[in-house]
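Computed over heavy atoms, backbone and side chain alike; hydrogens, waters and symmetry mates excluded.
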Amino acid sequence: MERYTADQLRVIAFEEHVRARPAMYFRVERDSAELPTEVLQRVVWDAMHHRDGTHGQVSVEITSDLSFTVEDERTHSADEWGRPLPGFYGSLLDKDRWAPAAAAALSVRTVIEVWLDGQGYRQELAGAVPADLWEECPAPRPYGTRTTFHLDPSYVGPGEAIAWALRPEELQEEGCQAHPSSSTFPIHDLRRGADGSAGE
């Protein structure tokens with residue numbers, strides 16, 4: 001039996017692991033044309049499904065072939081004073097939610113807003129790493145999160161894009177059958193040539 005020593009082991013960062021093995025997070029490899037859509041799907045699944053098996057309200061906005069925003073009503077982890085607890089790399093990416101962090105790892109820029117008890121917090125990331133400290137911002141609702149991802153075009157490959165004319169049911173996984181949702185959610189596709197909105 002081959003034995004390994006500590007010198008042979010290499011610990012890699014979360015962001016590096018996502019980029020090296022995207023199929024572990026998004027079900028498809030880097031060279032798959034479906035990768036941008038799968039990233040969006042995983043972020044939506046994370047936003048919609050609560051730990052207790054219930055479904056929350058989400059909305060999706062697709063702004064370009066490799067950029068999208070997902071907004072949800074889930075509550076961010078907070079400290080005893082009601083402020084956001086630092087998440088991945090000390091950012092506003094909640095440690096309880098790996099899918100947005102994995103999507104950020106495949107992005108050149110991520111903008112996240114968190115709303116806690118009517119107070120808003122905003123931060124920009126380069127990949128999954130903070131580009132600056134978070135700052136206070138207006139909160140359009142008492143609780144929730146809005147995250148915008150700009151996927152890295154040099155990573156996903158030329159010509160790849162989020163699928164067109166997506167319907168809400170296409171962004172739900174096989175696991176949703178165990179806890180089916182009777183609700184739908186809006187998908188606003190703002191790309192030129194898109195039909196506009198679906199699911200409303």
Side-chain angles (χ1 to χ4, degrees), residues 15 18-20 22-23 25-48 56-74 88-89 91-94 97-115 120-132 134-135 137-138 140-141 144-173 184-200:
E15 188 174 33
V18 175
R19 295 179 76 90
Y25 301 87
F26 303 112
R27 302 188 299 186
V28 296
E29 296 293 349
R30 176 178 178 177
D31 58 357
S32 172
E34 297 177 0
L35 181 58
T37 306
E38 288 293 330
V39 173
L40 170 58
Q41 191 277 333
R42 286 303 305 173
V43 173
V44 169
W45 190 93
D46 171 90
M48 179 179 291
Q57 296 297 314
V58 302
S59 64
V60 176
E61 185 175 271
I62 301 169
T63 50
S64 75
D65 286 343
L66 297 178
S67 299
F68 65 91
T69 299
V70 175
E71 183 175 322
D72 64 67
E73 61 181 4
R74 287 181 60 178
F88 286 88
Y89 298 102
S91 74
L92 283 175
L93 290 168
D94 199 325
R97 303 178 64 177
W98 65 264
L106 300 187
S107 302
V108 290
R109 178 171 175 259
T110 301
V111 180
I112 181 168
E113 291 182 34
V114 170
W115 312 311
Y121 305 87
R122 182 183 185 278
Q123 187 175 40
E124 290 198 27
L125 314 175
V129 178
D132 53 29
W134 66 59
E135 58 187 10
C137 68
R141 63 168 69 176
T145 301
R146 177 193 294 138
T147 313
T148 300
F149 303 90
H150 301 274
L151 298 177
D152 185 350
S154 68
Y155 181 86
V156 299
E160 296 183 10
I162 297 167
W164 290 72
L166 284 172
R167 305 292 301 175
E169 57 269 20
E170 296 177 280
L171 292 179
Q172 299 204 40
E173 288 189 334
T184 185
F185 55 89
I187 301 175
H188 302 285
D189 195 334
L190 305 182
R191 292 174 289 182
R192 180 174 295 181
D195 292 335
S197 298
E200 295 184 290

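Judged by distance alone, with hydrogens and angles left aside, the side-chain atoms of Q57 form no donor-acceptor pair with the main-chain N or O of F185 at under 3.5 Å. Here the side chain of Y155 pairs a donor or acceptor atom with the backbone of R19 at under 3.5 angstrom. Judged by distance alone, with hydrogens and angles left aside, the side-chain atoms of R122 form no donor-acceptor pair with the main-chain N or O of V111 at under 3.5 Å. When atom types are taken as modelled, the side chain of E15 and the backbone of A128 share a donor-acceptor pair closer than 3.5 angstrom.
Residue W115 comes nearest to P138 through the heavy atom pair NE1-O, 4.0 Å, listed as atom of the first residue, atom of the second, then distance. Nearest heavy atom pair, residue A23 against residue E29, reads CB-OE2, 3.4 Å. Smallest separation of non-hydrogen atoms from L66 and A161: CD2-CA, 4.2 Å. Minimum interatomic distance between P186 and V58 (heavy atoms only, all atoms of both residues): CD-O, 3.5 Å. Annotation for A165 and D189: closest pair N-OD2, 4.4 Å, computed over non-hydrogen atoms. Scanning both residues, V108 and P153, for their nearest heavy atoms gives CG1-CD, 4.3 Å.
At least one side-chain heavy atom of Q123 sits under 4.5 Å from a side-chain heavy atom of D132.
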Report task. Assess whether side-chain contact (heavy atoms from CB on, under 4.5 Å) is satisfied between V43 and F149, documenting all intermediate values. Result -> CA-CA 10 Å; V43 173; F149 303 90; 3.9 Å; yes

**Report entry** D72 and T145: CA distance, side-chain angles, deciding distance, side-chain contact (heavy atoms from CB on, under 4.5 Å) verdict
**Finding:** CA-CA 5 Å; D72 64 67; T145 301; 4.0 Å; yes

Query raised in the report: Taking it one step at a time, do L166 and V60 satisfy side-chain contact (heavy atoms from CB on, under 4.5 Å)?
Result: CA-CA 10 Å; L166 284 172; V60 176; over 6 Å; no

**Report entry** Derivation and outcome, side-chain contact (heavy atoms from CB on, under 4.5 Å), residues L151 and S107
**Finding:** CA-CA 4 Å; L151 298 177; S107 302; 3.6 Å; yes

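Not counting sequence neighbours, the partners of A102 by the side-chain contact (heavy atoms from CB on, under 4.5 Å) test are F14, V18, Y25, F26, W98. With sequence neighbours excluded, the residues satisfying side-chain contact (heavy atoms from CB on, under 4.5 Å) with D46 are R74, R97, A99, P100. Under the side-chain contact (heavy atoms from CB on, under 4.5 Å) criterion, T63 pairs with E61, S67, L190, not counting sequence neighbours. Contacts of V28 classified as side-chain contact (heavy atoms from CB on, under 4.5 Å), with partners at least two apart in sequence or in another chain: S32, E34, L35, E38. The side chain to side chain donor-acceptor pair (under 3.5 Å) search around R141 returns E71, not counting sequence neighbours.
To the nearest 0.5 angstrom, L125 atom CG is 11.0 Å from T148 atom OG1. Expressed to the nearest 0.5 Å, how far CZ of R146 lies from CD of E73 amounts to 14.0 Å. Interatomic distance, T147 OG1 to D94 CG, rounded to the nearest 0.5 Å: 10.0 Å. For the atom pair D65 CG and T37 OG1, the distance stands at 10.0 Å (nearest 0.5 Å).
The salt bridge (Lys or Arg N to Asp or Glu O under 4.0 Å) contacts involving residues 157-166 comprise nothing, where partners must be two or more places apart or lie in separate chains.
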